[in-house]
Amino acid sequence: MMAARHLIIGAGTAGLNCIRTIREEDGGASEITLVAAERPYSRMVLPYYLDRSIAESHVFTATAATLAKWNVKTHIGKKAAGLNPQANTLTLDDGATIEYDDCLIATGSRAVKAPVPGADGPGVHSFWTLDQARAVIAGIKPGSHVVMVGAGFIAFTILNSILSLGAKLTIVEIAPRILPRMVDEAGSALVEDWLRKHGVKILVGVTLTKIDDARGKKRLRFKKCPDLPADLVIMATGIKPNLEWLQGSGIRINHGILVDDHLRSSVRNVYAAGDIAEGKDGVTGTPVVHAIEPTAMEHGRVVGANMAGRDVAYRGSLNMNIVEVCGLDAASFGAWDASGAEAFTALRSERSAYRKLCWSGDRLTGAIIIGQAGDIWTTNDVGMLKGLVQTGARLGAWKEHLRRNPFDIKPAFIASRTTARLLPETILGRPSRSPELPTTVTK
C-alpha cells in the first residue's frame, strides 16, 4: 500500500502545526510536501525584530534541517498558482505540478493599503511580512516622525516598538475612535487618553485624500484637516486573504474558504486553516474568519490529526485580541459587541481600568478588560475571563455578584470549576508529544 501523500500549501502557523501534528501521529509513515512562497517565519515576533529585541535569525521557525528531519519535501520560494481538485493536483507559479491525496490550504493573508493616491509610493509601508519589516526598520531613525494610518489591532502590535526606537508617533484613523473592532466606545476613550499621556498624537474621524512629497518628507493630505508631514508612513489598514489563485477550482468561498467542523472545504480531501478559513465561531456558532494566531495554531493541529487518519471535530474558534501599549493591557473576547446582549460595565478612571461583561442568560459570551499591565489583577483576570467565555460555563448566582462587582472575577471563576473544564479540553484530546521520527525513517 502506497504511503499517503499530504500536501501543505503555506508555511505559517497553520501549515507548520499541521505538519508537526501529522508527524506526531504517524511517526513518518506518510509523504509530506510543503509549498511556501517564503522561508517559514513567525509574523508574531516581527514587532520584536523591529525594536531590535531579537535578531533576524530568531524570526525564522522551522529550518531546512528541521523539515528534513520531519521527512518533508519542500518547494520554498514557490507560489501556488492553481488547484485542480478533480485531478488532485496543484500547479506552481513555475508551471510544475504536484499530485496529492489530501491537501491543506493555509496561504494566509496580506496587508491592504488604503486606496488613496500616493499610498504605493516610496516611504509608505505596510508591516505584515518580513520584507516589509526590513523596509520599516531601514526607514526609522531616532527623532523620526512616524504616521500610522489605521488604529486597529495590527497597528497597536507595533506601537511600542516604534516608540522604543525614539520615534515620534501620530495615529490617523478614519473611524470616530481607535480600536473600533476590538473594544467599545468607553474602552477606546480610556486607551486614547492613556496614549495621549504617553506622547502619542491621535487623529480620529479624518479622511485621508492623498500622500505626496514636500520638502524631503511625506505629506498626508486630509479632507477638512491640516496637512501632516511625516518621515515615514505605515499603512495598517487591514488584511485580505490570499484566495485569488483558487479561482476556477470549484471550492466554495465566502469571506474565506467555507469549512465544516473537521475544517474540510466543499471538496472532502481539501482542508483550509488560518486566515483563509471561514468556520464555526465557538461562541455564536456562525461562520466567521478569525485571522489570529491562536486560531491558526488550533486549525493546523486539527487538520494534521484528520489528515493522519484521526476523526477530530473542531469546537470552533474564539474571537480574541490582546495587546499591550505603553504599559496598558487591552483585551476582548467572544461576542463583546453583540447588540442584543445584556452587558455590565464598570470604569475606574483613576486606575485606567475598564470592564465590560456580556451575557446570554447566566453564561458569559463576551468581555472587554483594560488595565495597567503592572496590576496583578489585570494579568490574572485576562486569563479567567477568556476561560469563562471559551467554556460557556453557567455562573448562576455569580452573575449577580459580577453585576455588582465586575472587577471581582476570581470567586466566580473558581466556583464555576472552569479550570477543570479547560484542562481536558485539548484540541486533539491527548497530551502533546514530540514529532521525533524513528531512526529507520529515510528521506
Between [X] and [Y], does at least one N-O distance fall below 4.0 Å, as a salt bridge requires?
X: Asp261; Y: Lys280; value: no
X: Arg52; Y: Glu56; value: no
X: Arg20; Y: Glu24; value: yes
X: Glu244; Y: Arg110; value: yes
X: Glu25; Y: Arg310; value: yes
X: Lys399; Y: Glu342; value: yes
X: Asp193; Y: Arg196; value: no
X: Lys218; Y: Asp231; value: no
X: Glu298; Y: Arg315; value: yes

Is any side-chain heavy atom of [X] less than 4.5 Å from a side-chain heavy atom of [Y]?
X: Cys326; Y: Trp194; result: yes
X: Cys103; Y: Asn269; result: no
X: Arg219; Y: Ile211; result: no
X: Tyr41; Y: Leu46; result: yes
X: Leu159; Y: Leu163; result: yes
X: Ile239; Y: Ile154; result: yes
X: His125; Y: Met235; result: no
X: Cys18; Y: Leu104; result: yes

Tell me, please, whether Tyr354 has Arg348 positioned over its six-membered ring: NZ or CZ under 6.0 Å from the ring centre and within 45 degrees of its axis?
no
Does the cation-pi check pass for Arg264 over Tyr271, that is, NZ or CZ under 6.0 Å from the six-membered ring centre and within 45° of its axis?
no
Verify side-chain contact (heavy atoms from CB on, under 4.5 Å) between Met182 and Ser332, making sure each step is shown before the conclusion.
CA-CA 6 Å; Met182 181 177 161; Ser332 59; 3.6 Å; yes
Distance-minimising heavy-atom pair for [X] and [Y]:
X: Ser416; Y: Leu388; result: OG-CD2, 3.6 Å
X: Ser188; Y: Arg177; result: OG-CB, 3.3 Å
X: Pro40; Y: Leu16; result: CB-CD1, 3.9 Å
X: Gly256; Y: Leu243; result: CA-CD1, 3.9 Å
X: Ala412; Y: Leu395; result: O-CD2, 4.0 Å

Distance alone, cut at 3.5 Å: any donor-acceptor contact between the side chains of Asn242 and Thr107?
no
Value rounded to 0.5 Å, distance of [atom1] in [X] from [atom2] in [Y]:
X: Asp51; Y: Ser164; atom1: CG; atom2: OG; value: 4.0 Å
X: His145; Y: Leu228; atom1: NE2; atom2: CG; value: 5.0 Å
X: Asp381; Y: Ile369; atom1: CG; atom2: CD1; value: 5.0 Å
X: Ile409; Y: Leu357; atom1: CD1; atom2: CG; value: 5.0 Å

Between Ser249 (side chain) and Ile251 (backbone), is there a donor-acceptor pair under 3.5 Å?
yes
Is a side-chain N or O of Ser144 found less than 3.5 angstrom from the main chain of Lys141, in a donor-acceptor match?
yes
Would you sort out whether His6 and Thr33 count as a side chain to side chain donor-acceptor pair (under 3.5 Å), showing the intermediate values?
CA-CA 6 Å; His6 306 301; Thr33 300; over 6 Å; no
Applying side chain to side chain donor-acceptor pair (under 3.5 Å) to Asp311 and His262, what does each step give before you reach the verdict?
CA-CA 8 Å; Asp311 181 9; His262 282 61; 2.4 Å; yes
Testing Ile32, Thr21, Ile19, Asp102 one by one against Met307 for a side chain to side chain contact (heavy atoms under 4.5 Å, CB included), which residue passes?
Asp102
Yes or no on side chain to side chain donor-acceptor pair (under 3.5 Å) for Asp329 and Gln372, after CA distance, side-chain angles and deciding distance?
CA-CA 6 Å; Asp329 283 336; Gln372 296 182 48; over 6 Å; no
Working note: Trp245 + Leu83, criterion side-chain contact (heavy atoms from CB on, under 4.5 Å); need CA distance, chi angles, decisive distance, verdict.
CA-CA 8 Å; Trp245 65 278; Leu83 193 73; 3.9 Å; yes
Checking side-chain contact (heavy atoms from CB on, under 4.5 Å) for the pair Trp336/Val389: CA distance, chi angles, key distance, verdict?
CA-CA 10 Å; Trp336 62 267; Val389 173; over 6 Å; no
Passes side-chain contact (heavy atoms from CB on, under 4.5 Å), Ser161 versus Tyr49? Steps please.
CA-CA 9 Å; Ser161 298; Tyr49 173 48; over 6 Å; no
Centroid separation Trp359 to Phe344 less than 6.0 Å
yes
